[in-house]
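One structure is given below, encoded as structure tokens.
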Amino acid sequence: MVVTFEFWGALRRAAGGDERALTLPAGVLSVADALDALADAVPALGEYLDNTAVAQADRLLLRTEAVEDGMRLSLLPPVAGG
Amino acid sequence: MVVTFEFWGALRRAAGGDERALTLPAGVLSVADALDALADAVPALGEYLDNTAVAQADRLLLRTEAVEDGMRLSLLPPVAGG
Amino acid sequence: MYLYETPLILDPILGMAEHRDCGALSVFAGTVRDLNEGKRVLRLKYTAFAPLAEKLMREIEQETREKFGVPHCRVIHRIGMLEIGDIAIYCAVRAPHRGEAFAACKHAVDEVKHRVPIWKEEFFEDGTSAFNQGCCIRPDLPQEHAHDHAHGHGVHHDHKHDHA
Amino acid sequence: MYLYETPLILDPILGMAEHRDCGALSVFAGTVRDLNEGKRVLRLKYTAFAPLAEKLMREIEQETREKFGVPHCRVIHRIGMLEIGDIAIYCAVRAPHRGEAFAACKHAVDEVKHRVPIWKEEFFEDGTSAFNQGCCIRPDLPQEHAHDHAHGHGVHHDHKHDHA
């Protein structure tokens with residue numbers, strides 16, 4: 001299963017890019033699992049992920065929701081508009 | 001002693017004009033006395049005067065302040081700007 | 001300048017070229033409503049006793065700056081005949097942060113409405129007109145009058161502190 | 001439209017041609033400050049995750065209208081590179097009276113700052129840049145994180161709820 005993570009705000013700097021496609025190991029079922037796999041692949045992101053929201057297009061996902069092959073997950077760190 | 005009263009807001013309608021010069025009877029010393037004389041001369045104003053402020057140019061006067069010959073007293077009923 | 005017989009212009013009172021330390025601007029505009037206490041309003045006439053009105057508006061700006069610690073507060077008022085939707089008052093406050101900006105702007109508008117000698121005559125659909133009752137600004141009003149100054153004086157309207 | 005790469009224009013969001021029953025307009029503008037937490041700021045870059053940002057801004061407008069009973073609430077945000085003094089956000093609320101207008105406008109601005117996926121990167125005099133910390137928008141954040149989400153994550157700035 002391949003998932004593409006899209007990085008926003010300070011995460012871009014930590015990830016060293018705007019996005020990253022990752023082939024997830026067997027057993028990855030949930031958003032939380034996918035984030036664990038991402039932290040393994042890009043350790044610099046680890047410290048940010050607890051406070052990061054995950055969106056699919058205009059919908060915020062819970063950590064317990066299922067991931068599917070080909071999904072695009074947008075990672076949204078704490079916001080500071082205005 | 002002659003004092004000119006200048007009418008503002010709803011007082012103009014009650015007084016039937018923008019201003020009124022009045023020769024005050026002997027014994028009129030204070031702003032309060034002058035207003036009593038005005039109420040005698042223009043009874044329709046009587047009911048408004050308790051809630052009316054009295055100004056001389058840019059200064060609000062107390063009822064106890066002295067009036068002088070030639071003074072121009074601006075009568076300011078309750079305000080409603082904005 | 002504080003009182004204008006022509007339409008109010010907002011830009012000159014914003015102070016946008018200055019105050020680079022300010023992150024917040026709060027602006028209030030009061031506009032003429034087409035309805036007041038159930039009666040259809042066609043237009044309004046504002047009059048002001050200018051010498052005192054201008055002095056008090058300057059004082060209100062100064063007091064607001066000091067009370068809320070904001071560097072910029074400006075308020076201007078229209079006089080003369082206004083149509084529905086026309087702007088009667090503009091207030092602009094700039095502040096480092098938004099909390100003070102909102103609070104200071106509301107304060108300045110409240111003070112103008114409560115203290116400045118400006119009167120509003122409403123012209124109704126039925127051909128009549130009436131002055132809004134408003135707030136007594138007599139400095140030495142006895143206490144018993146202060147409590148009922150909106151009543152018993154043959155006026156057409158109730159007291160209006162809470163209205164925009 | 002909610003997000004603009006070009007300077008924000010206030011007039012179209014005021015709704016002045018409508019709402020003849022409204023006597024109050026409250027406008028807020030957030031501008032870029034030259035100083036943040038003691039560091040001299042040269043310019044800012046705002047980025048937004050547009051699909052969710054626009055949906056949430058629409059929801060905030062709607063919620064604000066319902067919560068405060070106001071007929072008009074609009075909010076727009078600038079993205080891209082901004083200079084000191086540039087306007088980052090405009091919010092406009094029209095209401096029958098001024099109390100609700102101020103309260104609703106402040107509410108909408110607060111909500112945008114706390115909930116909408118927009119990020120601010122500040123560029124400093126010394127050549128460095130940093131993202132403001134801001135507010136966590138994860139819907140299922142465990143309680144222990146909610147209490148210290150401004151700390152311990154290697155960020156450059158404190159939590160900024162109270163800032164303009």
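Values reported hereafter were calculated over all heavy atoms of this structure, with side chains retained and with hydrogens, waters and symmetry mates removed. Since the structure is predicted, the reported quantities are computational estimates derived from the model, not experimental observations. A, B, ... follow the sequence lines: proteins, then strands. Residue 1 opens every chain.
Put simply, the side chain of D:T31 reaches to within 4.5 Å of the side chain of C:M16, judged on heavy atoms. When side chains are defined from C-beta on, D:L35 does not count as touching C:R20, because their heavy atoms never get closer than 4.5 Å.
Among all heavy-atom pairs drawn from D:F28 and C:A24, the shortest one is CE1-CB, 3.6 Å. Of all heavy-atom pairs spanning C:R33 and D:D21, the tightest one is NE-O, 3.1 Å.
Contacts between D:I89 and chain C at a heavy-atom distance below 4.5 Å are absent for every atom of the residue. With a 4.5 Å cut-off on non-hydrogen atoms, C:L14 does not touch chain D at all. Heavy atoms of D:C105 lying under 4.5 Å from chain C belong to its backbone as well as its side chain.
Within 6.0 Å of the CD atom in D:E83, the count of heavy atoms belonging to other residues, nucleotides or ligands exceeds 12. Crowding of D:K45 atom NZ: a count of heavy atoms from other residues, nucleotides or ligands under 6.0 Å not exceeding 12.
Here the CG-SG distance, from D:D34 to C:C22, works out to 9.5 Å after rounding to the nearest 0.5 Å.
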